[in-house]
Participant: 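First the structure, which I've put down as structure tokens, then a few questions once you've had a look.
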Amino acid sequence: MSLLITGGTVVGPSGSYPADVLVEGEKIAALFVPGGGPDGVETVDATGKYVIPGGIDAHTHMELPFGGTNASDTFDTGTRAAAFGGTTTIIDFAVQRTGEVVQDGLAAWHAKAEGNCHVDYAFHMILGGVDDDSLKAMDQLVTDEGISSFKLFMAYPGVFYSDDGQILRAMQKARDNGAMIMMHAENGIAIDVLVQQALSRGETDPVHHGLTRPEAMEAEATHRAIRLAEVAQDCPLYIVHLSASQALEQVAAARDAGRNVFAETCPQYLYLTLEDQLGAPGFEGAKWVCSTPLRSGKEHHHRDLWKGLRSNDLAIVSTDHCPFCFKDQKELGLGDFSKIPNGIGGVEHRVDLVYQGVVDGKLSLERWVETISTTPARMFGLYPRKGVIAPGSDADIVLYDPAGRTRISVETHHMNMDHSAYEGYEIAGKVDTVISRGTVVVAGGAYHGRRGHGRYLPRGLSSYLV
Ligand code: DUC
Ligand code: ZN
Ligand code: ZN
């Protein structure tokens, strides 16, 4: 089936220009000067709208077992919500639990996702234990399974934690096979001491989650990860969910020195604060317990992160979508903040929230598209199949209406959560139409997609490898 998108402005990292876009089957077939496309083809009128490549959320956790419960979005509910928000690809984290065979963890993730996704999906692999077997498995995943990135944790001792020796070994392996090491950079051993000390003083409210994970612990771990990657002959390193100015300084210094170091941030660190959300009265702040934590609005983190996005020291905005309901899930931590499951849901709102940065003059239109779609595709081996409006690419296309408005609320969102981290936020723009591999899945606020439409995407190596 053919579809001609007419009258819109195509936006990509290198510029914006009026063009009509012809979709044939699942692919983009051609771009035309306005009015230059074929006759007799079904058309979609994009007059006044931006025509952008579908969003790619490179960091989600559907159904993640965490803190005695599971993230509340399934691949079904989470990818449907993603589609509503203009995200047509997710890269979720398959998990190898400590002691488990890596390939078994991967098979379990495929079983959760297969046949359930509304948009395309790929996997990174969390290594819960680096040993001879998992190091060998890294090669097999890169070569045979289309998984070219591995997440390690400097946080969560006893759960996902890797020590420095394990991290170094995994980095050396990645240097050899071309994979990317993704790092949760917080000093979990020291943080656990601070947590126990706070609890013993009777400091049990959610805000203490943030206060016991200070900026210095993120900056120190970020620095350590960068130096370990240097020892591993400049293994490609990607810092996930970067939240703090001093951690950003470490990344910027490494990049200035020409190092193979990249980083992402998330909307929660661009908009929400330790005082206003995590510090909400009573137990309310539990909604915003995530790690890394929200940072103080009295410091300069938020401003610095926007600047980092402009300067490319921050390459990507992902969500770290890891939703838990307040009732029964966040409530596991009543009376003890350390038992609150860590995570915020936002897969539906990333495209809008970063667009608001364009409206606010913090980001260019082109950089918006780059940080939410093109760079994630390049960073994680999906380009040019994804992340660009160009002939031959998958027809994952969003028509975005700059004259529209979006009000974020639990009443209207599609994620499986009983609250919204962004309740009441108003965005001066709106996702209008969403096309996934040539199929219109969202139009006029209505859903036309289906569970099972989304396919697994084996990935190649990062385009940014040096
Ligand atoms: N951080 C979170 O907030 N949730 C899941 C895992 C993580 O690292
Ligand atoms: Zn993490
Ligand atoms: Zn995460």
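These figures come from a predicted structure and were not determined experimentally. Counting convention: from 1, in listed order, for ligands and their atoms alike.
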Participant: Identify the protein heavy atom lying closest to atom 8 (O) of ligand 1, giving its residue, its atom name and the separation to 0.1 Å.
Facilitator: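 Of the protein heavy atoms, His184 ND1, 3.0 Å lies nearest.
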
Participant: Would Arg295 and Glu218 count as a salt bridge (charged side-chain N to carboxylate O under 4.0 Å, His left out) here? Give the steps.
Facilitator: CA-CA 11 Å; Arg295 297 297 177 190; Glu218 186 182 347; 2.8 Å; yes

Participant: Is the Zn ion (ligand 2) less than 2.8 Å from an N/O/S atom of Lys151, whether that atom is in the backbone or a side chain?
Facilitator: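 Given the 2.8 Å cut-off, Lys151 counts as a ligand of the Zn ion (ligand 2).
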
Participant: So, of the N/O/S atoms that His184 has, which is the nearest one to the Zn ion (ligand 2)?
Facilitator: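 Of all N, O or S atoms belonging to His184, ND1 is the one nearest the Zn ion (ligand 2).
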
Participant: Considering both backbone and side-chain atoms of Asn342, is one of its nitrogen or oxygen atoms within less than 3.5 Å of a nitrogen or oxygen in ligand 1?
Facilitator: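 Yes, there is a polar N/O contact under 3.5 Å.
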
Participant: Are the ring centres of Tyr425 and His349 closer than 6.0 Å?
Facilitator: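 No - the distance between ring centres of Tyr425 and His349 does not fall below the 6.0 Å cut-off.
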
Participant: Which heavy atom of Glu215 sits nearest to which heavy atom of Ala244, and what is that distance?
Facilitator: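 So the two residues come closest at CG-CB, 3.6 Å.
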
Participant: Please state which protein non-hydrogen atom is closest to atom 2 (C) of ligand 1 and give its distance, to 0.1 Å?
Facilitator: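 Nearest protein contact, heavy atoms only, for atom 2 (C) of ligand 1 is Ser291 O, 3.5 Å.
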
Participant: Just by distance, do the side chain of Trp288 and the backbone of Ala421 share a donor-acceptor pair under 3.5 Å?
Facilitator: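 A pair under 3.5 Å: yes.
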
Participant: Hey, is Tyr156 one of the residues with a heavy atom under 4.0 angstrom from ligand 1?
Facilitator: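 Judged by the 4.0 Å heavy-atom criterion, Tyr156 does count as contacting ligand 1.
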
Participant: At a 4.0 Å cut-off, with the gap strictly under it, does some heavy atom of Lys151 reach an atom of ligand 1?
Facilitator: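 Yes; Lys151 lies near enough to ligand 1 that a heavy-atom distance drops under 4.0 Å.
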
Participant: Hey, are Arg175 and Asp234 close enough for a salt bridge, meaning a charged N less than 4.0 Å from a carboxylate O?
Facilitator: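 Here Arg175 does not pair with Asp234 in a salt bridge, since their nearest N and O are not under 4.0 Å apart.
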
Participant: Which atoms from ligand 1 have a heavy atom of His241 less than 4.0 Å away?
Facilitator: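 Counting from 1, the qualifying ligand atoms are 8 (O).
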
Participant: Under 4.5 Å between any side-chain heavy atoms of Thr273 and Leu278, yes or no?
Facilitator: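 Side-chain contact under 4.5 Å: no.
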
Participant: When you check the gap from the basic side-chain N to the acidic O, do Glu230 and Arg259 get nearer than 4.0 Å?
Facilitator: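 Salt bridge present between Glu230 and Arg259.
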
Participant: As an exercise, state the distance from OG of Ser72 to NZ of Lys327, rounded to the nearest 0.5 Å.
Facilitator: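 It is 14.5 Å, given to the nearest 0.5 Å.
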
Participant: Of all the N, O or S atoms in Asp320, which has the shortest distance to the Zn ion (ligand 3)?
Facilitator: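 Closest to the Zn ion (ligand 3) among those atoms: OD1.
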
Participant: As an exercise, identify every atom of ligand 1 less than 4.0 angstrom from a heavy atom of Phe153.
Facilitator: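 Contacts of ligand 1 toward Phe153, numbered from 1: 8 (O).
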
Participant: When you compare ligand 1 with Thr292, is there at least one nitrogen or oxygen pair between them that comes in under 3.5 angstrom?
Facilitator: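 So ligand 1 has no N or O lying under 3.5 Å from an N or O of Thr292.
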
